[in-house]
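Take a look at the structure below.
Side chains are part of it too, since the values below use all heavy atoms of this structure and drop only hydrogens, waters and symmetry mates. Small disclaimer: the values here were computed from a predicted structure and weren't measured.
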Protein chains: 2
Amino acid sequence: MTTITDIAKALGITPSTVSRALAGNPRVKEETRLAVKKKAEELGYEQNVVASNLRKGQSRIVGIVVPRIHREFFSNVIGGAESVLNKAGYNVLICQTLESLDAEIKALKTLKNYRVAAVLLSHAINAKNGNHVKEILGSTPLIQFDRVFPDLPGAKIVGANCEGAYKATMHLIQSGYKRIGTLAGYMTSQAYVERLAGYRMALEASGMPFDNSIVYYNTIVRETGYEAAKKAIEAGCDALYSCGAFSALGAVDAFREKGFKGADDFGIVATSNEGFTGLMSPSLSTLNQHPFEMGEAAARAFLEGRTDTQVIPMELIIRQSSNKNNKWLK
Amino acid sequence: MTTITDIAKALGITPSTVSRALAGNPRVKEETRLAVKKKAEELGYEQNVVASNLRKGQSRIVGIVVPRIHREFFSNVIGGAESVLNKAGYNVLICQTLESLDAEIKALKTLKNYRVAAVLLSHAINAKNGNHVKEILGSTPLIQFDRVFPDLPGAKIVGANCEGAYKATMHLIQSGYKRIGTLAGYMTSQAYVERLAGYRMALEASGMPFDNSIVYYNTIVRETGYEAAKKAIEAGCDALYSCGAFSALGAVDAFREKGFKGADDFGIVATSNEGFTGLMSPSLSTLNQHPFEMGEAAARAFLEGRTDTQVIPMELIIRQSSNKNNKWLK
DNA sequence: TAAAAAAATCCAAACGTTTGCACAATTCTC
DNA sequence: GAGAATTGTGCAAACGTTTGGATTTTTTTA
């Protein structure tokens, strides 16, 4: 591999001048700069970024830590972040924690050892606070997304959970549904608490009672969604706002079983616009969390040195499952 | 940040001994090794991997280049590769090409400049050959997966396209379907050519004619799948093997339109076990390409220094769309 | 107990780049 | 045309680690 020393020797100058020439330092003569560029091209020179990083004490690598790479939400966040960072000349080093706090700690240490320019982080589910992060990262910029700890410094990118849930519930109300339950998540998670709050606000803003007996807690997978939906039907509900996407899938199973034929019979809006929601039958009305944009925002927050909290709006996508003019099954 | 020199000074020894002690070199006394370890712990020492990599001329980073990070298939490959590599002490630097050859070239150069230990690569769709790779990567180990160029050196991990298509078609034949068409892909892609070959082999092995008039080429998205399926129905088909998953979705649209009620009316098996295939109604029988395992295999091929081609079997998953004993819609 | 062998440590260079400061060459000013 | 200002280049150290070979210390052997 050719080095700047090789170029320097070939040109009878010193490595320092070559370095400056390649870096576009104005202190080197136009003439020599061109000669250096030409020779570099000629010898197929490529900078050894490892050496450069060592000398400069910093790298053009941004670390991204996520619970799981192959999760629709996270892979989209990564995709968004990568595209922004790549344009700015950064590369991404990716670590997955598989929801383990130990793995998160290890990942952060590794990234620190690589002297990454910043860390984009969404916490493992069993991280209870951000103390470990502060200690390990020191002065390395931190941008948290989705699963954040408010006490940690630095930018945070979160979804508009409350507002989204409000919008979804309001849509159901305005569509004429009279008794709207909710498939709520775990109250240990900030995101789900906010969604429940949004649901409640929409009801109360419309003069409808908030009835805790049709709030089905801890309902985030298909099976529990199915069971909860059956109960909701028995309880006289004609619509559901689901805090997740997979639980809504279970609800649809229940509707099928009951012979419901369309949104006239029962309406549902789910959170998280997973790919399948638009492909299944009935297609599911959802709240799009814009994971790709979340990744872009996280990357930009780093590039622009922001330290505030950004809230990414959730977009309501109305599909068959809440569209009263549309039969589910032909 | 504390360095090995700090540790050396604190202990009254030299950095070289500290380095060797931490590396577990047998030339250092047990006693000093323990002292070093203790002091390192005490001072919160973390190795500067950048300096280490520079000196050693290689890094513990593996580059992964994919067309798109947020594609179910690729994000799973990455997930699989990361989990294996991480256990072996490697980290992954990820680049997406967004199907652009220029971006692929740039990514490879970047990875080379980082002196990565290896590159795992799935080519951009408009890369016509592997010449650029050879030139840039030089001696850096290359492992290609999914989209590979046979002329490039190094390990290759591919799906068992022919065998999978054979299995899927054979399953339809054995289920009693009499006239089986296929939603074929682009014949410019090796994978689709092989799938068509497997389909043909199954027919011929069963004494059924291969009829090119019910081979629907270039059918890989929902819309074209829908159109092709309508034609297939008119042509008297009672089943389809689809080379993609999204085209099968279009076929299901067509079945719905025709009022088909179950696999007794029409059978279909799709390639690629995308998440939605198991969630839609009817659930789709598919060939699971095992992307996660493909990523694991690619990572292991590097770790074990393999240079052969591995074929990852495709698993037939039988669901409602080809199960004659099961009505699609209740 | 002296010499030889083995074990532990040290020295110094190297990896390839960047950068403050010194020096040389050029241009400008009066 | 002498000195000052400007411009371009060189020198050498530094980033933190690793490693071959030299050196010192300890242990073994006769």
Starting at atom [atom1] of [X], determine the distance to atom [atom2] of [N], rounded to an integer number of angstrom.
X         : N       : atom1 : atom2 : result
Ile13(B)  : dC11(C) : CD1   : P     : 12 Å
Asn53(B)  : dT17(C) : CG    : C1'   : 15 Å
Ile4(A)   : dT9(D)  : CD1   : P     : 15 Å
Arg60(A)  : dT17(C) : CZ    : C1'   : 16 Å
Arg115(B) : dT17(C) : CZ    : C1'   : 11 Å
Leu22(B)  : dT9(C)  : CG    : P     : 13 Å
Arg55(A)  : dT17(C) : CZ    : P     : 13 Å
Glu30(A)  : dT9(D)  : CD    : P     : 11 Å

Hey, does Ser19(A) reach any base, or is it just sugar-phosphate, or nothing, if we go heavy atoms under 4.0 Å? base

Name the nucleic acid region contacted by Thr3(B), choosing base, sugar-phosphate or nothing; use a 4.0 angstrom heavy-atom cut-off, strictly under. sugar-phosphate

Comparing Pro26(B) and Leu54(B) on DNA chain C - which has the more 5′ nearest nucleotide: Pro26(B)

The answer to which of Pro15(A) and Lys29(B) contacts DNA chain C further toward the 5' end, by nearest nucleotide, is Lys29(B)

According to a strict under-4.0 Å criterion, is [X] in side-chain N/O contact with OP1 or OP2 of [N]?
X         : N       : answer
Gln58(A)  : dC15(D) : no
Thr32(B)  : dT9(C)  : yes
Tyr114(B) : dG16(C) : no
Ser52(B)  : dT18(D) : yes

Where the side chain of [X] is defined as all heavy atoms beyond and including C-beta, which of [options] is the nearest nucleotide?
X        : options                  : value
Lys56(B) : dT18(C), dT9(C), dT18(D) : dT18(D)
Thr17(A) : dT18(D), dC10(C), dT9(D) : dT9(D)
Asn48(A) : dT9(D), dG16(D), dG16(C) : dG16(C)

Whichever of Arg20(B) and Glu46(B) has its nearest DNA chain D nucleotide further upstream toward 5': Glu46(B)

dA8(C) base to Arg27(B) side chain: any donor-acceptor pair below 3.5 Å? no

Would you please say whether a donor-acceptor pair under 3.5 Å links the side chains of Thr97(A) and Ser100(A)? no

Residues Leu120(B) and Ala299(B): closest non-hydrogen pair is CD2-N, 4.3 Å

Minimum heavy-atom separation for Leu137(A) to Leu142(A), with atom names? CD2-CD1, 3.9 Å

Does this structure show an ion pair linking Glu99(B) with Arg147(B), if we count only N-O contacts that are shorter than 4.0 Å? yes

Can you check salt bridge (charged side-chain N to carboxylate O under 4.0 Å, His left out) on Glu41(B) and Lys38(B), steps first, answer last? CA-CA 5 Å; Glu41(B) 179 83 13; Lys38(B) 189 162 158 251; over 6 Å; no

Got a sec: does the CD of Gln58(A) have more than 12 other heavy atoms crowding it under 6.0 Å? yes

